[in-house]
Amino acid sequence: MVPEEITAILQVFLFPGFSFLFSLAFFVEWLDRKLVAKFQNRYGPLHVGPKGILQPFADFIKLLSKEDITPAMADRVPFIAMPLLMLTLAMTPLFCIPINGCSALVSFEGDLIVVMFIMTLIALLLFAGAWVSTNRFSTVGGIRAGLQMFGYEIPLNIVMIGPAIGAGSLSISEIIKWQSQGRWFIITQPLGFAILTICLLAHLQVVPFDIPEAETEIVSGWLVEFSGKKLALIRLARNFKLILAASLMTSLYMGGTSGLWQPNPLTYFIKLVVCVFILSNLRALFARFRIDQFLAGVWRYLTPLALLQISIVEVLAW
Amino acid sequence: MAVTGPVTRQAKSRLLRIYEQMPMPKYVIAIGSCAISGAPFNGSYSIYEGVDKVIPVDVYVGGCPPRPEAIINGMLRLIKKIGSAQ
Amino acid sequence: MKASNLIESQLKDEAREITVPRERRMFIRIAKENLRKSMKKLIGLEGLTHLSTITGVDVGSQVELIYHIVYEDILVSLKVQVSKEKPILPTIVDLIPGALLYEREIHDLFGVRFKGNPDLSRLILPDTWPDGVFPLRKEWTPERISEKIEDNHENY
Amino acid sequence: MKTIKIPFGPQHPALEEPINFIFEVEEERVVNVKPRLGYIHRGIEKLAENRTYHQNVYLIERICGICSFAHTTCYTQAVEELLGIDIPERAKFIRTITAEMERVQNHYLWLGLTAKETGFETLFMYAWRDRETILEVLEMISGKRVNYGMNTIGGVRRDILETMTEQIEDKLSHLEDRAQYYKKICTKEQTILKRTVGVGILRPRDALSLCAVGPTLRASGIPRDVRADDPYAAYDEVPFKVVTYKRCDVASRILVRIDEILESINIIRYALENMPKGPIQVKVPQRVPKGEAVSQVEAPRGENIHYLKSDGSDKPVRLKVRAPTLANLPPLCKMLIDVNIADIPVVIAGIDPCIACAERVMLVDTKTKKRRIWSGDKLWRYSCEWYRKK
């Protein structure tokens, strides 16, 4: 085993790899729940571990121990496969995000396109999972998820291309290197950053746009039939989606790991926390939109604004 | 599963259905004297005297309505019971 | 007391007997036949008429229905009696659409059928309730009811 | 109307009837609605016939957890009218004060739940936190948070002492500026307006013909309020304004209820200042003379009617109770016509149903005649069960 391979394996499994991402997932969920609780004037998780930090981990274990029901009507194989697929798909793009130093584990020209493709795949998978679990709620939830996806996909992808044009390359690591001279895209393309946040909220199905899982209307939308281990994996996948969203915001618009001094994971971590703060702040401020209001809003405002942003970037090549 | 209020004849079938839909392990806590014994509505033609006539109950919380502290106490007992059963 | 004189003048030919226990209350007993006529008159009065509810009372061989109507600030109660054997009354849903649920409730608990009511399906009692058992009638004592119910749907 | 969190225990609104709506739907639009009640029918009227008048006070109090004081006031007034006694002035004032406090508590609870229906968690948490302050006041006066047990035939069982007044005073002022704050939010916050303006329209003509009551009626511009039309307790001595709004939709129902909170707080303040001294209860015989009485009360949700018939014994011959929610059901069905499916919970919450709105919504698709049963929201089932954990 040649030292490089060992370090590569170590990197994949240990530091910016699985174990780090797992603990980051639980930490991010805890942070999100604590922040939203603070906004809503209540405590949030308290008892498990210091300040409740182990609460998400405890929930995960509890869900694993719960009985795992597969509804008789649902077709078994896709129903069981769906949570696993969702977890893997949610995790893979994280390897393209540079966490340790300036280049990610997997960085090649065009990995931004791969990330975008995988994010669309997740949304599609969600629709398939809902359709497979043959429950009236989940079918309606799935249709709403599908509709919502049509809404936010286009502005999301356009706005993610913005920084790539600005930095002249399609690889996230290059974009970060370009931004490391202090020219963060959030300053040059503030509109792009705003649209990216809104679309990521819709991607994460978080309150203003949690239409597919509206508790008061359709119990919990497409999630309703999953229980036990499957639900645990889906919730974990959701945490990874949150990390993905936050790290996209940091690396594309706020210079990822590059900061005032030598690029290191600490700056990335701080910016990640800032982005999670922004996301949960928005989450606590709004009521839920109806699906037709959401679509109307997106097609009337978000998409033209995104096109405007791209044209500005194209013309001025900031 | 937390059950409050009297179990009426009409609602019994739904209570049973939900009880069966719950994934194992199942625990039931009956909150309020209506749930325990039908309290002031005893003798009415349309209620069952207490939830335990319909489904097995683990913890009873008395009071009409029970105070918040009484409910929290009931929950803690339930957690202790779950712990010991594990 | 302008409003109460107005009502008295309107309904004096149908009314068998008018009692005024206290101000802003009025009980008027009318025959079954001119229930709709007096109801039309009451609604005809300008100003705000609003049917609060219909109460059923079991008075020995008859079932007495009391229509509580609020006009201006007076609560008028029209009392109509109908025999238990042939409990049929004309409906007032076309005059006051709000009466639909009250008539269904009275039908459930007293067994009074309202001719012309579009839908008299079960409102309050469970679907498995045996027909013919009207809980609020005096002859159905709680014991008789529970014993009738037990043998009716033990399969539940 | 409750959530699955543990602290919302039974003192959460003990709702009257979980209801089953049958909607006929064309794609997203609701075409026809048919309500089905009975999930919580406890046969109270039959029970009341074999209990003495004093035992009935406890039974009537448990009809609905939130407007329990309105029910007992209505019942005791009917009995007092039959007995022909007049309760002491001070008792009347205490009844008015407690009734208004119950209204404030109910409206805060309703504000939180409507926010929950539109998905606005934060406002839900805030409204319910403020509701705790009024619950503390009620607990200080009556010893219990919800079914206070204050009312008895012939007066009130507990007195509001001088020492309590300034505590009540500063809690009221806190509640008042919270209500102002919520009013500002509910008129400016875009997301709430988007979900409530123009939703669940009830025109004044329909409201009248379908006999709507309470805030639902007043939100369609009709100033009908039992406290003004048929004053009971001390309402004839206390000046107050009947709140109405013209816009006939859920947004105007929100504003009507918030204004009523402010109005109630003024009533409480006025009543506390000039409450006469004197006894709070009058001795009452066991037997009630023969006769019948109808009494009306403005419960937080609308007009409450009790009909009482007695035959001289110590048990009533007939006691009829009509809660405001039953009167608001036909208008609700009218409002639900051609409403978007996603708005159904918001419109139902609009009339503040004293029903678990555990509506088992059955969607009958008119085209395909396919009947899809949607257990609208298993979490909200009142009489059956709450999920212990989401």
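Just so we're on the same page: letters track the sequence lines, and every chain starts at 1. Nothing here was measured: the structure is a model prediction, and the numbers come from that model.
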Exercise. Salt bridge check: are D:Glu292 and C:Lys79 linked by an N-O gap of less than 4.0 Å?
Worked result: yes
For this session: Using non-hydrogen atoms and a 4.5 Å limit, figure out which bit of C:Ile54 sits close to chain D: side chain, backbone, both or neither.
Result: backbone
Exercise. Nearest 0.5 Å, what's the OG-CD1 distance between D:Ser209 and C:Ile43?
Worked result: 10.0 Å
Problem set entry | Atom CZ of D:Phe240: over 12 foreign heavy atoms under 6.0 Å | yes
Exercise. Quick check: does any side chain N or O of D:Arg318 sit under 3.5 Å from a backbone N or O of C:Gly56, one acting as donor and the other as acceptor?
Worked result: yes
Exercise. If you count heavy-atom pairs under 4.5 Å between each of D:Asp229, D:Val294, D:Ile305, D:Leu210 and chain C, which one has the most?
Worked result: D:Val294
Exercise. Is a side-chain N or O of D:Lys320 found less than 3.5 angstrom from the main chain of C:Val57, in a donor-acceptor match?
Worked result: no
Exercise. Looking at C:Asp73, C:Thr55, C:Leu109, which makes the most heavy-atom pairs under 4.5 Å with chain D?
Worked result: C:Thr55
For this session: With a 4.5 angstrom heavy-atom cut-off, could you sort out which part of C:Ser52 is near chain D: side chain, backbone, both or neither?
Result: both
Problem set entry | Given D:Val213, D:Leu208, D:Ile222, the one that forms side-chain contact (heavy atoms from CB on, under 4.5 Å) with C:His50 | D:Val213
Exercise. Just how far is it from atom CG of C:Asp58 to atom CD of D:Glu49, taken to the nearest 0.5 Å?
Worked result: 8.5 Å
Seminar exercise, completed: Honestly, the part of C:Leu100 sitting under 4.5 Å from a heavy atom of chain D is neither
Problem set entry | D:Ala228 versus chain C, the contacting section by heavy-atom distance below 4.5 Å | neither
For this session: Taking all non-hydrogen atoms of both residues into account, name the closest pair between D:Cys211 and C:Gly98 and its distance.
Result: SG-CA, 4.2 Å
For this session: Taking the side chain as every heavy atom from C-beta outward, state whether D:Lys309 and C:Glu64 have any atom pair closer than 4.5 Å.
Result: yes
Problem set entry | Evaluation steps, side chain to side chain contact (heavy atoms under 4.5 Å, CB included), between C:Val70 and D:Gln296 | CA-CA 10 Å; C:Val70 176; D:Gln296 257 187 116; 4.1 Å; yes
Exercise. Side chain, backbone, both or neither: which part of C:Ile66 has a heavy atom under 4.5 Å from chain D?
Worked result: side chain
Problem set entry | Residue C:Lys138 excluded, over 12 heavy atoms near NZ under 6.0 Å | yes
For this session: Assess whether atom CZ of C:Arg113 is packed by more than 12 heavy atoms of other residues, nucleotides or ligands within 6.0 Å.
Result: no
Problem set entry | Salt-bridge contact D:Arg322-C:Glu105 (side-chain N to carboxylate O under 4.0 Å) | no
Exercise. Chain C heavy atoms under 4.5 Å from D:Asp206: which part of the residue, side chain, backbone, both or neither?
Worked result: neither
For this session: In plain terms, say whether C:Arg25 and D:Asp230 are close enough for a salt bridge, that is, a side-chain N and a carboxylate O under 4.0 Å apart.
Result: yes
